[in-house]
**Student:** 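Take a look at the following structure, please.
Chain naming here is simple, since letters A, B, ... match the order of the sequence lines and numbering starts at 1 in each.
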Amino acid sequence: MDFKFEIAKAIATATGLETAEVTSGIEIPPNTEMGDYAFPCFRLAKTLRKAPPLIAADMVANIVKPDFICEIKVEGAYVNFFTNKGMFAKEILENVINEKENYGKSTLGNGKTIVIDYSSPNIAKPFHVGHLRSTVIGNAIYKIHQFLGYNCEGINHLGDWGTQFGKLIVAYKNWGSKQAVEEHGIQELMRIYVKFHDEAENKPELEDEARSWFVKMQDGDEEALSLWKWFYEISMKEFDRVYAMLGVKFDAYTGESFYNDKMAAVVDELKEKKLLVESEGAMIVDLEEEKMPPCLIIRKDGGTLYATRDITAALYRKNKYNFEKCLYLTALDQNLHFAQWFKVIDKMGYEWSKNLVHVPFGLVSLDTGKLSTRKGNVVLMEELLNQAVNETKKIIEEKNPELPNKEEVAKQVGIGAVIFNDLYNGRIKDVVFSWERMLSFEGETGPYIQYTNARACSVLKKAGVTCVDTNVDFALLADESSAEVCKLLADFPNKLQDSAAKYEPSIVSRHLVNIAQAFNKFYHDNPILSSEENVKNARLTIVYAVKTVLTVGLGLLGINAPEQM
RNA sequence: GCAUCUUUAGCUCAGUGGAUAGAGCGUUCGGCUCCGAACCGAAAGGCCGUCAGUUCGAUUCUGAUAAGAUGCACCA
């Protein structure tokens with residue numbers, strides 16, 4: 001039963017208004033003492049030509065009270081509805097307990113494909129905290145959409161093509177050795193890459209050399225390609241290790257190199273459609289009409305660019321997946337780039353250009369300044385995750401030394417803390433990396449939710465139930481803290497849909513915090529195991545429902561929910 | 001110069017065209033003989049950047065303006 005809808009119907013019959021327009025006018029009061037639902041009458045003043053408080057009074061006089069409403073009060077221009085807490089609790093708790101891990105699932109997205117382009121680090125550069133956001137936000141958006149019935153295609157659009165590999169080849173030939181690269185992996189590739197930039201300051205001809213090696217790569221030169229492939233494999237080995245720790249997977253690793261042989265056709269298409277013009281030796285699509293700088297397609301020396309590959313990839317993906325939406329999870333500073341090439345797709349005559357969505361997030365920096373791999377101003381992802389796990393181990397030793405499976409739990413909690421930290425604030429906010437914040441496990445954090453869940457699991461275990469009985473007296477759950485938990489659980493499915501619609505995982509993470517807070521208060525206020533049998537059984541349904549929703553919610557964020565910690 | 005984003009408590013951030021603007025951290029105080037204290041409770045802390053406009057009503061919408069961040073031709 002949809003309580004809000006039923007109330008709207010009752011108001012509609014009492015006033016002669018449309019149910020739909022009433023529904024949108026119903027609010028949840030800021031304070032439970034004011035009621036569970038409220039209808040402000042200000043808006044009706046004009047059409048009904050009456051003072052709002054009078055409208056409210058008339059409404060109450062005429063309304064037929066739905067059976068789940070126990071009281072209706074007028075407060076100025078507001079009509080406040082008080083639900084029967086027991087009936088509300090029954091409705092929501094039965095629902096969660098019956099649905100279990102499917103609670104909140106939807107068929108909303110059935111038959112629709114969403115392509116999500118996320119993580120996408122550059123090969124031959126270490127995976128650092130700057131790559132975290134795209135990876136975990138993308139992963140969460142993927143899982144949430146999947147839960148809502150969408151078919152998702154997660155793509156790691158690796159930065160595995162471009163002039164930087166020309167640079168790397170030059171660097172390797174001048175200052176590298178096979179042995180050093182095999183021994184130190186990305187670290188060594190990084191070292192010679194930095195060396196290249198140092199040297200190139202005084203010898204600009206190195207840059208030309210690098211560009212020409214990249215052109216060789218494009219042309220299929222065997223030596224260039226075999227070096228490139230080697231660098232690729234070295235890098236992927238390290239990336240896979242990080243992805244395994246984060247629990248992130250992709251459906252495809254079609255990076256930029258994948259499009260190397262597909263770009264010529266797209267360039268031809270651009271020419272055919274008379275969009276490509278020459279400018280200062282390069283080939284561009286002019287966007288003056290759109291008040292944007294031109295979109296560069298081909299360099300003076302014939303090399304392709306970022307936009308060329310993105311346009312090609314978009315056409316390829318549309319053809320392959322026939323997506324409903326294609327999302328790009330990158331930092332906000334790439335805004336213009338996406339706006340430009342989305343426009344190029346539009347100018348090519350593809351109406352689906354409006355389904356390409358840049359999902360931006362704020363910049364990550366360190367307190368020592370901007371992230372810079374070249375300058376060594378970075379925090380490596382593995383280092384961060386290991387630190388978080390170690391810190392968790394210390395806490396476990398201190399608080400729960402008897403815990404079985406410590407190693408595994410420390411990973412789940414430590415890494416969960418890092419992921420949650422990144423998903424907790426709105427994605428647009430800039431972030432200054434802070435060890436202190438990353439390694440804090442109290443308050444609004446992942447471990448707080450995991451702890452709450454573990455606590456609920458512990459109660460259920462002690463009660464000796466694996467699945468609770470819904471044949472209980474829900475009227476015993478009419479107290480304020482029980483009602484608050486129920487209210488939040490009932491709102492979970494809406495929050496999931498809102499989160500998906502806005503591509504904003506923080507809507508889910510914040511809701512989980514709210515549920516955990518409400519549950520901890522409930523737990524504190526209400527003895528469970530020591531209560532009389534009927535009260536105990538009723539309260540156990542809340543414990544079970546909370547455990548279920550927290551586990552589902554954390555799972556959608558890509559975080560594990562251990563039963564003990 | 002043009003464009004995008006941000007501005008709410010000491011700090012980090014939620015939030016809403018409407019009733020008393022919320023949370024965590026930090027500070028001060030209180031709570032484990034009791035289901036897990038990685039917890040709970042209380043106190044203190046706010047011209048919701050500034051100025052106009054729309055509105056019965058603006059912290060929320062619009063327009064200016066200020067401050068900060070970022071981007072703007074051959075990197076990605």
**Student:** Do the rings of A:Trp228 and A:Tyr232 sit parallel, tilted or perpendicular, given the 30° and 60° boundaries?
**Tutor:**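 Ring orientation of A:Trp228 relative to A:Tyr232: tilted.
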
**Student:** Could you tell me the Watson-Crick or G-U partner of B:G17, where both distances fall under 3.5 Å? Say none if there is no partner.
**Tutor:**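 By the stated definition (distances under 3.5 Å), nothing pairs with B:G17.
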
**Student:** Return the value, rounded to whole Å, for the distance between atom CZ of A:Arg510 and atom P of B:G24.
**Tutor:**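 After rounding, the reported distance stands at 11 Å.
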
**Student:** Closest to the A:Leu336 side chain: B:C13, B:U6, B:G71?
**Tutor:**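 It is B:G71.
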
**Student:** Report yes if a donor N or O on one partner sits less than 3.5 Å from an acceptor N or O on the other, where the partners are the side chain of A:Ser279 and the base of B:A73; otherwise report no.
**Tutor:**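 Checked by distance alone, the answer is yes.
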
**Student:** Does B:C72 have a Watson-Crick or wobble partner in any strand here, with both distances under 3.5 angstrom, and which is it?
**Tutor:**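 In the structure as shown, B:C72 has B:G1 as its Watson-Crick or wobble partner.
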
**Student:** Can a side chain N or O of A:Arg309 be found less than 4.0 Å away from OP1 or OP2 on B:A76?
**Tutor:**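 For B:A76, OP1 or OP2 has a side-chain N or O of A:Arg309 closer than 4.0 Å.
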
**Student:** Could you tell me the Watson-Crick or G-U partner of B:A66, where both distances fall under 3.5 Å? Say none if there is no partner.
**Tutor:**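 Pair assignment: B:A66 / B:U7.
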
**Student:** So which nucleotide from B:A38, B:G36, B:C40 ends up closest to the side chain of A:Ser458?
**Tutor:**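 Nearest to the side-chain atoms of A:Ser458, counting from C-beta on, is B:G36.
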
**Student:** Taking the minimum atom-to-atom distance to the side chain of A:Asp333, which one of B:C75, B:G36, B:G71 wins?
**Tutor:**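 So the nucleotide nearest the side chain must be B:G71.
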
**Student:** Classify the ring geometry between A:Tyr306 and A:Phe338 as parallel (under 30°), tilted (30 to 60°) or perpendicular (over 60°).
**Tutor:**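 The rings of A:Tyr306 and A:Phe338 stand perpendicular, inter-plane angle above 60°.
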
**Student:** Please report the distance, rounded to the nearest Å, between NZ in A:Lys461 and P in B:C35.
**Tutor:**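 Nearest whole value for this atom pair: 15 Å.
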
**Student:** Validate the cation-pi geometry between A:Arg510 and A:Tyr424: distance from NZ or CZ to the six-membered ring centre under 6.0 Å, angle to the ring axis within 45°.
**Tutor:**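 Cation-pi check for A:Arg510 and A:Tyr424: passes.
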
**Student:** Remember a base hit wins even if backbone is also touched, and classify A:Lys300 as base, sugar-phosphate or nothing at under 4.0 Å, heavy atoms.
**Tutor:**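 Base, at least one base atom sits under 4.0 Å.
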
**Student:** Can you tell me the pairing partner of B:A43 across any strand shown, Watson-Crick or G-U wobble, with both distances under 3.5 angstrom?
**Tutor:**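 By the stated definition (distances under 3.5 Å), B:U27 pairs with B:A43.
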
**Student:** For B:G36, what is the paired nucleotide under Watson-Crick or G-U wobble rules, both distances under 3.5 Å?
**Tutor:**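 Partner of B:G36: none.
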
